[in-house]
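Per chain, numbering begins at 1; letters A, B, ... match sequence-line order.
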Amino acid sequence: MRGQLNKPFLCLMDITPIIDPLNSAQRQAVTHSDGNLLVLAGAGSGKTRVLVHRIAWLSQVEGLAPHQILAVTFTNKAAREMRERVYQLLGQAPRSMWVGTFHGLAHRLLKMHWRDAGLSENFQVMDADDQLRVIKRVYANLGLDTDRWPPRQAQWFINAQKDEGLRPRHVQVDDLFTGTMRQVYEAYESHCQQVGVVDFAELLLRAHELWLNHPDLLAHYRQRFRHLLVDEFQDTNAIQYAWLRMLAGDEARVTAVGDDDQSIYGWRGARIENIHQFGQDFSPVETVKLEQNYRSTATILQAANAVIAQNNARLGKDLWTQSEDGDVISLYAGFNELDEARFVATRIQGWVEAGHARGEVAVLYRSNAQSRVLEEALLRQQIPYRIYGGHRFYERAEIKNALAYLRLLVNRHDDTAIERVINVPTRGIGEKTLQRLRESAREHNESLWHVAQYAQDILPGRAANAVQGFVAMIDTLAQTTGDFDLWQTAEQVIGGTGLLDFHAREKGERGQTRVENLAELVNACRAYIPEDEAQPVLPQFLDAAALDGGERQADADEDAVQMMTLHSAKGLEFPLVFMVGVEENLFPHKMSVEEPGRLEEERRLCYVGITRAMQKLYLTFAESRQLHGVESYNPVSRFVRDIPSHLIEEVRLASSVSRPTSMGATGVSAQGGEPPPFGLGQRVLHGVFGEGVVLNFEGSGPHARVQVNFDAEGAKWLVLQYAKLQPV
DNA sequence: AAGTTCCGAGTTTTT
DNA sequence: CTCGGAACTT
């Protein structure tokens, strides 16, 4: 098979299907030979197509065997899609090709070389939720104050260090904070090591260290992989970049594809600079820009270009299209968020009545909190919708409980799993008992499971019986399910542990959905196809569940409006897009406006949002909005002002009363609230600070505050009641 | 040990 | 406002 691919393919292959469907820039990227390649791929410019065709080109024209190619992405979805499309193009499954996410590939390496990586054979991957629990456990052991040092902060700190490739010993301590965090990091690490669990960032760090510490292994993989391809390169963090660079060595060639204008994950360690660094570290690098957009109308594209043009430090691309101008962009100023949502629902209704599919519509928002009002509006109009993000299937409590039991069947010493379910359903093992077990475990340097065996010796009668009951139950389960199929095992576990009854007894609709979810888990087990037939199925399933959040396919068939955050919309496209809440303080988010760098990331997010739209784009905002329980008044987003006015048209519902609106200075009345006494943008006089311009309002009644940009003193928030402002 | 109430915080998220 | 966790009660 391998020999076959290497030689005769060169002359036998018909390369027309590989290069024919490409424009000249795409073709240049696909057929580039010698050295490394950086593809700067604008939104909708056929990035995935280039990657897929390049893989085909490498294997069929340059004669690389599938096993010599490694392609890495960020999401499982992207990895699946790439694999699928390569298959379609080549007509054969690229089985020996490594295609996966950074984490997936790292996991694969660690599974293969667990001993060299210093791990136990059946180490488990834990998600962010588990990680936080472990950190809290560590806090308790260290006697740290959770009020002074929030565990979430420690989690963030630890992940940030790992993303930078830093172990506790590398952490430079220069104040009490870093000192404490380093201490937590250290204790956390040793706990994970002892228990045999690995967090997401650890996968990458370990995989990197594996090669660092075992040059022989590195040499092996360097010899194997002749070509590396990286998708979404602008999203790589330091450790991912280091991993790639190490694997590439001096020999392998690298194709990196990315778009600096779509870098929106800086806040979680992604380094946009890696794109610049690539040119230096992987020299010589040829750069190809894909600038023709096949997705959007000219109007939408112009708007996107105008917004992103405000950013500095771009690599610079000029996206263009052959498409028609198309519809103008519509801007709607709602009275409040309810009005905004109603408008969106009405327009979607119109779209559907015009004969279009609901699935062609996306509603994009900056933060998840905005989704509820929109949901309610869609519900009222009976428009089916689907929300992306939020809790993913394998992150739901009931599913995680079931998985924890399954994990225990694989590894009894998985303390994280025991802690999770030893008293779920409640079986009389409370905090006190658990505390005793923990102490004993720590004292003997053993797992919770181990000390639970000796419950009789360390616990009072009733508690000891409860713990023994738990131990016996797990053992019995393991026995009965010994030669069960995966789904039978899952079913047995869900029933046998009392989990099903427990959730069924929960009051309200919640219990109902949880039971349904558990049934769904059994279905997922039925449908699961193990990667390696020769290995036990359960551990593989658990790894897959941990590494793939498990986007639910269940109701994917229904034709539904798609709702998601701007972040999760990256990579998708829709004929009709609503970008809602385009208001200052919401988008750009108020946490991001201070620092120029973060503001630029917000702007890129806006760029991503606009470029999702193919035919028609709506921008909506609310002149008054209930935020954290208080009424706030935000002016339209600065990003909207960046769009040339001839591309935008302001719309209103036929039924709306006329009122002063949006783009310029606005005095707005909120339904049920007190109208702000000054218009935004109005000049006012203050007894002490002098003259200024009204920028913003927040709250109502005695708490109402107003932000004024004083000519002499700059922007200040003032309590309206005391400020005694005079209109000028 | 389990259930209830109160308090405070509150971008974005994949793996 | 709405969720989650801590403190409090039963």
Side-chain angles (χ1 to χ4, degrees), chain A residues 72-79 100-107 125-133 136 146-147 150-153 155-156 159 162-163 198-205 207 232 235-237 239-240 263-270 337 364-373 388-392 394-395 397 423-435 462-463 466 506-507 543-551 564-571 581 585-593 598 601-602 604-606 608-609 625-632:
Chain A
V72 59
T73 62
F74 275 84
T75 65
N76 290 298
K77 198 173 147 212
T101 62
F102 277 102
H103 294 86
L105 297 180
H107 180 257
V125 181
M126 64 176 167
D127 64 15
D129 202 63
D130 298 325
Q131 186 183 33
L132 191 59
R133 282 167 181 271
K136 285 178 178 168
T146 51
D147 290 330
R152 289 199 165 277
Q153 213 164 20
Q155 182 179 27
W156 181 85
N159 289 333
K162 291 189 177 188
D163 284 345
V198 164
D199 63 50
F200 288 125
E202 183 76 19
L203 288 168
L204 302 171
L205 189 46
E232 306 279 15
D235 288 339
T236 51
N237 63 28
I239 189 70
Q240 287 160 339
S263 161
I264 54 175
Y265 286 110
W267 52 274
R268 71 174 195 216
E337 74 273 21
L364 310 180
Y365 35 81
R366 175 67 235 275
S367 65
N368 285 308
Q370 289 168 255
S371 74
R372 245 205 30 209
V373 190
Y388 280 82
H391 307 266
R392 315 178 102 234
Y394 290 119
E395 280 167 12
N423 201 32
V424 178
T426 46
R427 39 176 83 90
I429 305 173
E431 193 49 39
K432 199 88 166 245
T433 307
L434 203 46
Q435 199 51 51
R462 187 148 32 132
E506 269 179 310
K507 54 185 173 229
D543 287 334
L547 286 169
D548 181 355
E551 204 52 68
M564 66 194 85
T565 62
L566 287 156
H567 281 89
S568 34
K570 192 169 74 153
N585 296 322
L586 205 63
F587 188 36
H589 196 277
K590 66 164 169 288
M591 310 300 288
S592 302
V593 288
R598 300 183 66 181
E601 185 155 307
E602 295 278 314
R604 292 193 291 267
L605 191 56
C606 182
V608 166
R625 179 183 297 273
Q626 198 87 272
L627 216 56
H628 307 323
V630 284
E631 203 85 353
S632 63

*Asks:* Which whole number of Å gives the distance between the P atom of B:dT13 and that of C:dG4?
*Replies:*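 The answer is 16 Å between these two P atoms.
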*Asks:* Return yes if the base of B:dT12 and the side-chain atoms of A:R268 contain a donor-acceptor N/O pair under 3.5 Å, otherwise no.
*Replies:*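 Check fails, no donor-acceptor contact within cut-off.
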*Asks:* Counting the atoms with a prime plus P, OP1 and OP2 as sugar-phosphate, which does A:E395 contact under 4.0 Å by heavy atoms, base, sugar-phosphate, or nothing?
*Replies:*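 Touches a base.
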*Asks:* If you check the A:T426 side chain, which of B:dA2, B:dT13, B:dT15 turns out closest?
*Replies:*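 The answer is B:dA2.
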*Asks:* Tell me whether the OP1 or OP2 atom of B:dT13 has a side-chain N or O from A:N368 closer than 4.0 Å.
*Replies:*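 For A:N368, the contact criterion (side-chain N or O under 4.0 Å from OP1 or OP2 of B:dT13) is met.
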*Asks:* What is the pairing partner of B:dT5, taking Watson-Crick or G-U wobble pairs with both distances under 3.5 Å in any strand?
*Replies:*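 Its partner is C:dA6 (Watson-Crick or G-U wobble, both distances under 3.5 Å).
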*Asks:* Are the side chains of A:N237 and A:Y265 in contact, using a 4.5 Å heavy-atom criterion?
*Replies:*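 A:Y265 does not reach A:N237 side chain to side chain.
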*Asks:* Among C:dG5, B:dT15, B:dA1, which nucleotide sits nearest the side chain of A:K432?
*Replies:*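 The answer is B:dA1, which lies nearest to the side chain.
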*Asks:* Ignoring backbone atoms, establish whether A:N76 has a side-chain N or O less than 4.0 Å from OP1 or OP2 of B:dT15.
*Replies:*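 True: A:N76 side-chain N/O within range (under 4.0 Å) of B:dT15 OP1/OP2.
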*Asks:* Side chains of A:N423 and A:L434: closer than 4.5 Å at any heavy-atom pair?
*Replies:*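 No; the side chains remain at least 4.5 Å from each other.
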*Asks:* With a 4.0 Å cut-off on heavy atoms, is A:N423 in touch with a base, just the backbone sugar-phosphate, or nothing at all?
*Replies:*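 Result for A:N423 = sugar-phosphate.
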*Asks:* Quick one: does A:E602's side chain have a donor or acceptor within less than 3.5 Å of a partner on A:H589's backbone?
*Replies:*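 The answer is yes, because a donor-acceptor pair under 3.5 Å joins these two groups.
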*Asks:* At less than 4.0 Å, is any side-chain N or O atom of A:N237 found next to OP1 or OP2 of B:dT15? Yes or no.
*Replies:*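 Checking A:N237 against B:dT15: no side-chain N or O falls below 4.0 Å of OP1 or OP2.
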*Asks:* Heavy atoms only, 4.0 Å cut-off, all strands: where does A:G629 land among base, sugar-phosphate and nothing?
*Replies:*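 Here A:G629 touches the bases of the nucleic acid.
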*Asks:* Where the side chain of A:S632 meets the backbone of A:R625, is there a donor-acceptor pair that is under 3.5 Å apart?
*Replies:*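 Yes, A:S632 side chain to A:R625 backbone: donor-acceptor pair under 3.5 Å.
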*Asks:* State whether A:T433 places a side-chain N or O below 4.0 Å from either non-bridging phosphate oxygen (OP1 or OP2) of B:dA1.
*Replies:*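 Checking A:T433 against B:dA1: at least one side-chain N or O falls below 4.0 Å of OP1 or OP2.
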*Asks:* For A:E601 and A:G266, indicate whether the former's side chain and the latter's backbone hold a donor-acceptor pair under 3.5 Å.
*Replies:*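 Present.
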*Asks:* Take atom CD of A:Q626 and atom P of C:dT2, then tell me their distance rounded to the nearest Å.
*Replies:*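 A:Q626 atom CD is separated from C:dT2 atom P by 9 Å.
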*Asks:* To the nearest Å, how far apart are A:H628 NE2 and C:dC3 C1'?
*Replies:*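 My rounded result for the distance is 13 Å.
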*Asks:* Distance check needed: B:dA1 C1' versus A:Q435 CD, whole Å only.
*Replies:*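 Atom-to-atom, A:Q435 to B:dA1, this comes out as 15 Å.
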*Asks:* Closest-nucleotide mapping onto DNA chain B: is A:D127 or A:R366 further toward the 5' terminus? I mean the 5' end.
*Replies:*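 Looking at DNA chain B, the more 5' nearest nucleotide goes with A:R366.
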*Asks:* Return the 5'-most residue of the pair A:E431, A:E601 with respect to DNA chain B, ranking by each residue's nearest nucleotide.
*Replies:*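 Checking each residue's closest nucleotide, the 5'-ward one belongs to A:E431.
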*Asks:* Send over the distance from A:I429 CD1 to B:dA2 P, rounded to a whole Å.
*Replies:*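 Computing the A:I429:CD1 to B:dA2:P distance gives 9 Å.
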*Asks:* For the pair made of OH in A:Y265 and P in B:dT12, what is the distance, rounded to whole Å?
*Replies:*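 Interatomic distance, OH of A:Y265 to P of B:dT12: 11 Å.
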*Asks:* Does the side chain of A:S592 get closer than 4.0 angstrom to OP1 or OP2 of B:dT12 through an N or O atom?
*Replies:*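 No.
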*Asks:* Between atom CE in A:M564 and atom C1' in B:dT14, what is the gap in whole Å?
*Replies:*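 Spelled out: CE on A:M564 to C1' on B:dT14 is 15 Å.
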*Asks:* Scan side-chain atoms only and decide if A:E337 and A:Q626 contain a donor-acceptor pair under the 3.5 Å cut-off.
*Replies:*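 Distance-only check fails for A:E337 and A:Q626.
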*Asks:* Return the value, rounded to whole Å, for the distance between atom CZ of A:R152 and atom P of C:dG4.
*Replies:*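 The distance from CZ of A:R152 to P of C:dG4 comes to 10 Å, rounded to the nearest Å.
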*Asks:* Just wondering, do A:F102 and B:dT15 stack (centres under 5.5 Å, planes under 30°)?
*Replies:*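 Stacking between A:F102 and B:dT15: absent.
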*Asks:* Round to a whole Å and report the spacing from CE of A:M591 to P of B:dA9.
*Replies:*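 So the two atoms are 13 Å apart, to the nearest Å.
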